[in-house]
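For ligands, and for the atoms within them, numbers begin at 1 and follow the listed sequence. Numbering of residues begins at 1 and proceeds along the displayed sequence.
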Amino acid sequence: MIPMNNDELVVLVRSVLDAPRPWEITQAGEPVLRQVAAPYDGQLPEALLHELLDAMRAHLPGVGVGLAAPQIGIPLALAVVEDVAEVPEDVAAARERTVQPLLELVNPVYTPLGPDRAVFYEGCLSVSGLAAVVSRARQVHLAAQDRNGKPYEQELTGWPARIVQHETDHLNGTLYLDTAETRSLTTVTNLQKYWAQSGPEVAAAELGFPLEG
Ligand code: NI
């Protein structure tokens, strides 16, 4: 993690909250994305933490379904997830994409439940313009805290499980590209042009990558 005392963190968070919106999201290559975020244990005044989490959620609509604090340059184990899942029914079904109400992830940890895997395209605000196929646990157990420090646990399946794994990985310095099928790498433009309708199976055959569970 980046050594930073509480005063420095408060100044940093204040400057992020005062920055023009929409935020410029940190991009791959930025050191903060590769460091293990510091566990949150009250480094910020409560009101500032709440303001930060509210602002992170406010960034999502029309942009993405999750945001981790390192993506706005803050090295703390905080993330938000919310998916209104406004996608065509067949797409939703293929991805097991269901509405995921807001989850505030403070110090999240996930554990795969069972051997089932789900294989699908994934993108990241910190890897702008690209997408790739990632195999992930289809079902996970999540343990985290809410904004008031209250622990909670939840089981997630399908797309919500994927988002939670993706955001939690960010807090451990991991990007989806680290475990993606690199031959599946595509620009978002080409994803829409060639693969969005047919799905990863056809892409695997045509682009030549294994489609492993
Ligand atoms: Ni991401």
Side-chain angles (χ1 to χ4, degrees), residues 1-2 13 16 19 21-40 52-87 95-98 100-110 112 117-138 140 142 144 156 158-182 184-192 195-196 200:
M1 63 175 263
I2 301 168
V13 169
V16 169
R21 311 294 169 80
W23 280 319
E24 267 184 46
I25 300 301
T26 55
Q27 295 298 303
E30 194 72 41
V32 69
L33 290 173
R34 289 311 198 172
Q35 282 146 1
V36 176
Y40 182 77
L52 174 62
L53 291 169
D54 288 342
M56 288 170 69
R57 179 195 190 182
H59 184 83
L60 295 181
V63 174
V65 291
L67 185 68
Q71 296 185 275
I72 46 172
I74 298 171
L76 291 173
L78 306 169
V80 294
V81 162
E82 184 174 39
D83 188 7
V84 294
E86 278 172 350
V87 293
R95 300 183 188 187
E96 293 191 286
R97 187 166 171 182
T98 52
Q100 175 57 56
L102 174 67
L103 276 182
E104 292 179 337
L105 306 176
V106 177
N107 303 326
V109 176
Y110 68 81
R117 309 287 295 177
V119 180
F120 218 87
Y121 279 99
E122 205 167 300
C124 178
L125 298 176
S126 293
V127 188
S128 192
L130 297 174
V133 168
V134 187
S135 168
R136 290 199 186 267
R138 181 172 166 262
V140 295
L142 165 69
L156 299 134
W159 202 256
R162 177 176 296 274
I163 306 168
V164 162
Q165 291 173 77
H166 179 117
E167 299 310 327
T168 302
D169 287 355
H170 268 301
L171 304 178
N172 292 308
T174 297
L175 297 176
Y176 79 95
L177 288 176
D178 299 347
T179 51
E181 285 296 342
T182 45
S184 73
L185 189 70
T186 175
T187 62
V188 172
T189 305
N190 281 339
L191 177 64
Q192 296 307 329
W195 315 118

Side-chain atoms of residues 55-68: list all donor-acceptor pairs with protein atoms under 3.5 Å, sequence neighbours left out, distances to 0.1 Å.
from: Arg57; atom 1: NE; to: Glu82; atom 2: OE1; distance (Å): 3.0
from: Arg57; atom 1: NE; to: Glu82; atom 2: OE2; distance (Å): 3.4
from: Arg57; atom 1: NH2; to: Glu82; atom 2: OE2; distance (Å): 2.7

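Residues Arg162 and Val134 have side chains in contact (heavy-atom distance under 4.5 Å, counting atoms from C-beta outward).
Test Thr174, Asn172, Asp178 against Arg34 for side chain to side chain donor-acceptor pair (under 3.5 Å) and you get one pass: Asp178.
Panel detail: the Ni ion (ligand 1) has protein N, O or S atoms under 2.8 Å away, 3 in number.
Residues passing the ring-ring contact (aromatic ring centres under 6.0 Å, His included) test with Trp195, sequence neighbours excluded: none. For Tyr121, the ring-ring contact (aromatic ring centres under 6.0 Å, His included) criterion is met by no residue, not counting sequence neighbours.
Taking NE2 from His170 and OG from Ser126, the interatomic distance works out to 5.0 Å, rounded to the nearest 0.5 Å.
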